[in-house]
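To keep things clear, I will list the structure first and then write my remarks on it.
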Protein chains: 2
Amino acid sequence: MEHRTRARRRITLQDLAGTLGVSKTTVSNAFSRPDQLSPELRARVMEAARAAGYAGPNPVARMLRTGRAGAIGLILPESLPFALDDPATSELIRGIADACEERRLGLLIVPGATRARDPHTITDVAVDGFIAYSLPWETPALQHVLARGEPVVVVDEPRIPGVATVGVDDFAGARLAAGHLVGLGHRRLGIVASPFRPDGYTGRGDAARVSSSTFDVATRRLQGYRAAVADAGLAVDDVPLYECALSDEELGRQAGRDLLERTPRPTAILAMSDRLAIGVLAAARDLGVAVPAELSIVGFDDIPGATTSRPSLTTVRQPLRLKGYAAARYLLDAPGTRPPDAAPEALPPDGDEISLPVELVIRRSTAGAPPA
Amino acid sequence: MEHRTRARRRITLQDLAGTLGVSKTTVSNAFSRPDQLSPELRARVMEAARAAGYAGPNPVARMLRTGRAGAIGLILPESLPFALDDPATSELIRGIADACEERRLGLLIVPGATRARDPHTITDVAVDGFIAYSLPWETPALQHVLARGEPVVVVDEPRIPGVATVGVDDFAGARLAAGHLVGLGHRRLGIVASPFRPDGYTGRGDAARVSSSTFDVATRRLQGYRAAVADAGLAVDDVPLYECALSDEELGRQAGRDLLERTPRPTAILAMSDRLAIGVLAAARDLGVAVPAELSIVGFDDIPGATTSRPSLTTVRQPLRLKGYAAARYLLDAPGTRPPDAAPEALPPDGDEISLPVELVIRRSTAGAPPA
DNA sequence: GCGCTGTTCTTGATCGATCCAGAACCAAAC
DNA sequence: GTTTGGTTCTGGATCGATCAAGAACAGCGC
């Protein structure tokens with residue numbers, strides 16, 4: 001037991017150099033730059049290292065010296081368990097992981113940014129840059145990252161001047177969705193929204209909340225919906241809105257029930273995410289409303305579950321996994337980010353906004369409006 | 001543009017101390033130990049920091065000095081996308097994340113350990129300890145971690161003398177599953193196994209592969225199955241075995257088809273994971289074999305999908321999320337792991353094996369054996 | 001023999017913080 | 001007036017590596 005209590009100081013590169021009678025640079029080279037020393041000496045060093053139980057340079061010391069951390073950080077708004085439950089988020093993570101594997105980098109996850117007031121977890125973490133996903137304006141964690149001056153790429157939101165952002169054209173996507181419905185003859189629509197503010201509110205739409213929204217994506221999608229509604233000559237204010245604090249099936253169901261119990265009942269519902277849309281599907285089932293005969297539903301995202309739902313979901317597809325991949329690649333390759341020795345020319349400027357394409361995918365949850 | 005190219009050296013604690021005319025220790029204390037200096041001076045320091053754009057101590061430098069990294073590493077056998085697809089793995093991650101949030105630690109994911117020959121990704125990462133999940137014997141990445149002497153907790157496998165392991169009693173669980181089936185009168189069983197060696201083999205059982213297995217869990221579950229079979233007075237060697245390279249539905253289906261096309265057809269199939277079992281369910285559907293009337297199926301794990309499958313799955317429940325949580329807690333609290341200042345007494349010895357309980361959950365995929 | 005190029009290895013500075021021991025100062029206690 | 005005690009602040013050593021510059025020595029051509 002003694003060997004643990006005594007906290008025998010771990011052997012260092014310096015020690016090893018000492019016992020070998022060579023300089024520490026040589027030992028360092030043996031591990032990190034094998035071409036810089038003769039094969040025989042290198043073999044001797046490695047042998048001595050094995051004998052001494054030295055497993056290679058301390059990563060932290062190396063980081064300090066080189067300035068590279070070998071990992072990127074992912075800042076998530078909610079807890080990791082929640083993120084894993086959410087297909088859109090986990091697709092995003094897959095995309096980021098794809099890029100990390102290409103570059104052989106670790107992925108450091110820092111969840112719960114929306115809740116955490118304490119910057120501790122963020123500031124104490126060693127990464128080469130951060131990806132911040134779907135955060136409200138003024139998230140303290142994000143402020144700290146920006147203050148620290150580390151490279152950051154934001155995915156979806158918030159758009160911050162001078163900070164690179166990867167996202168989709170939410171306005172166009174939403175407009176496409178709503179345009180599809182009005183094109184099918186629907187005149188009584190309803191909207192199920194993801195949150196406008198990160199305060200846990202779930203309930204009927206509230207103009208004050210909408211106008212003070214701290215979530216860009218929800219705002220832009222709403223504008224897209226309304227643009228199509230207005231284009232069709234309908235009154236934007238007549239479209240009922242239900243806001244859900246979280247994008248999950250249960251709240252979508254709750255929203256669906258609220259909207260479907262109104263009179264006149266909407267003939268079509270726009271949901272800002274597929275999970276919400278699937279919840280609305282459940283609400284329709286609960287209330288005996290036939291989809292798509294009596295009610296059309298359009299989601300957003302095109303998560304895997306959108307094809308397997310009953311009926312399958314018409315939705316706005318966004319390339320979720322690609323979004324993660326693109327964000328990571330941009331983070332790693334953009335000028336502010338890449339190692340100083342890399343050529344700085346011919347790279348996109350900082351603060352870029354990368355917009356990935358969206359596409360309306362028509363499945364079985366939408367059909368012509370029922371006769372009035 | 002110039003400000004980026006020029007790579008203006010980032011301001012340090014030292015610089016700040018210089019401009020303020022105080023010592024760096026004082027500045028350090030202002031950030032990390034506010035009680036060590038007068039409120040006025042601290043205010044001055046913080047103000048100057050804000051003015052200078054200094055966002056707090058460099059985490060890497062702090063790590064080097066303090067020896068704490070503020071994150072734990074998770075070594076996964078496959079890619080992260082695969083892990084996220086696998087409900088058992090993602091439950092485990094949830095559990096680990098629970099513990100990380102309690103302790104406000106980051107979670108650094110290092111995937112693809114089975115494939116990676118190059119230790120680079122592992123050795124370059126700064127963490128306070130590793131959780132290694134379900135790795136075959138002699139995974140190079142694991143060897144490196146052990147060589148480095150970092151605290152490690154293994155989840156499930158491999159069991160290594162002197163290394164703490166968190167798992168379940170696979171033998172007992174498997175025996176329970178098989179005992180349930182023979183208790184129902186089944187005499188012709190089949191087994192769908194998770195891999196015995198990490199070489200991508202999928203196909204009929206092979207005694208040589210089984211006896212040279214590098215996956216402890218599969219081995220112990222097989223032994224558990226066979227123990228129950230032997231207890232019932234049946235010939236162990238008569239039970240057909242199909243090995244799947246990966247624990248996913250598609251391979252389970254393939255295995256199911258193989259087993260169900262044999263004559264005599266098995267009346268019950270034991271699968272080493274729920275995903276495999278769900279694949280067997282699909283195979284039965286493909287071949288028009290009624291479950292449970294003509295075929296009983298027992299899974300392992302009790303993933304969320306086990307209740308929603310048609311029919312719902314009888315399975316051996318293991319507390320997946322708790323397993324992750326327990327592993328992380330053990331890593332953080334066990335003697336080898338905790339910061340040197342903590343009291344070392346009254347803690348479990350190193351190399352402990354924590355075994356979490358399993359439980360047979362009987363649902364609708366099992367029933368009495370059909371009349372011969 | 002002289003300079004030249006190239007390989008192999010070493011020295012000393014550096015990355016940016018924390019920590020330890022102690023200095024300076026002031027107030028209370030004897 | 002000296003001691004004691006308690007804040008508050010400082011200087012230098014230290015964590016464990018990498019890096020830039022240069023020394024030592026070899027081989028090669030002329």
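Chain naming here is simple, since letters A, B, ... match the order of the sequence lines and numbering starts at 1 in each. From a predicted model like this one, the values you see are computed outputs, not experimental measurements.
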### Protein-nucleotide distance (B/Asn58, atom CG; D/dC15, atom P), rounded to Å
18 Å
### Task
Would you check if the distance from the ring center of B/Tyr54 to the ring center of B/Phe31 is below 6.0 Å?
yes
### Ionic contact status for A/Arg68 with A/Asp128, cut-off 4.0 Å
no
### Task
Round to the nearest Å and state the distance from A/Gln36 atom CD to D/dA20 atom P.
11 Å
### Query
Which part of the nucleic acid does A/Tyr54 contact within heavy-atom distance under 4.0 Å: base, sugar-phosphate only, or nothing?
sugar-phosphate
### Query
Given atom CG of A/Asp124 and atom P of C/dG16, what is their separation to the nearest angstrom?
17 Å
### Query
Any ion pair linking A/Lys24 and A/Asp15 (charged N to carboxylate O, less than 4.0 Å)?
no
### Query
Phosphate oxygens OP1/OP2 of C/dT10: is one of them under 4.0 Å from a side-chain N or O of A/Ser23?
yes
### Message
Counting only side-chain nitrogens and oxygens, does A/Thr66 get under 4.0 Å of the OP1 or OP2 atom of C/dC15?
### Response
no
#### Entry: Proximal nucleotide (of D/dG11, D/dG16, C/dT18) relative to the B/Thr25 side chain
D/dG11
### Message
What is the separation between atom CZ on A/Phe31 and atom P on D/dG16, rounded to the nearest whole Å?
### Response
15 Å
### Query
Which one, C/dA17, D/dC9, C/dT10, comes nearest to the side chain of B/Lys24?
C/dA17
### Query
How close or far is atom P of D/dA20 from atom CG of A/Asn29, stated in whole angstroms?
12 Å
### Query
Looking just at side-chain N and O atoms, do A/Ser38 and A/Arg42 make a donor-acceptor pair shorter than 3.5 Å?
no
### Message
Please tell me if A/Thr26 has a side-chain N or O lying less than 4.0 Å from either OP1 or OP2 of C/dC9.
### Response
no
### Query
B/Arg65 side chain N/O closer than 4.0 Å to the phosphate oxygens (OP1, OP2) of D/dT14?
no
## Note on the structure
To the nearest angstrom, the CD-P distance between A/Glu40 and C/dT7 comes to 15 Å
### Task
Tell me what A/Val22 touches on the nucleic acid: a base, only sugar-phosphate, or nothing, going by heavy atoms under 4.0 Å.
sugar-phosphate
#### Entry: D/dC15 OP1/OP2 closer than 4.0 Å to side-chain N/O of A/Arg10
no
### Task
Have a look at A/Ser38 and say if it touches a base, only the backbone sugar-phosphate, or nothing, with a 4.0 Å heavy-atom cut-off.
sugar-phosphate
#### Entry: A/Arg68 CZ - C/dC15 C1' separation (whole Å)
13 Å
#### Entry: Lys/Arg N to Asp/Glu carboxylate O, A/Arg50 vs A/Glu47, below 4.0 Å
yes
#### Entry: Any B/Leu331 side-chain heavy atom under 4.5 Å of B/Ile72 side chain
yes
### Query
What does A/Leu37 touch in the nucleic acid at a heavy-atom separation under 4.0 angstrom: a base, only the sugar-phosphate, or nothing?
sugar-phosphate
### Query
Rounded to the nearest Å, what distance is computed from the CG atom of residue A/Leu13 to the P atom of nucleotide C/dT10?
12 Å
### Task
Go through C/dC9, C/dG16, D/dC19 for me and flag the one nearest to the A/Leu64 side chain.
C/dG16
### Message
Does B/Arg42 reach a base, just sugar-phosphate, or nothing at all? Heavy atoms under 4.0 Å.
### Response
nothing
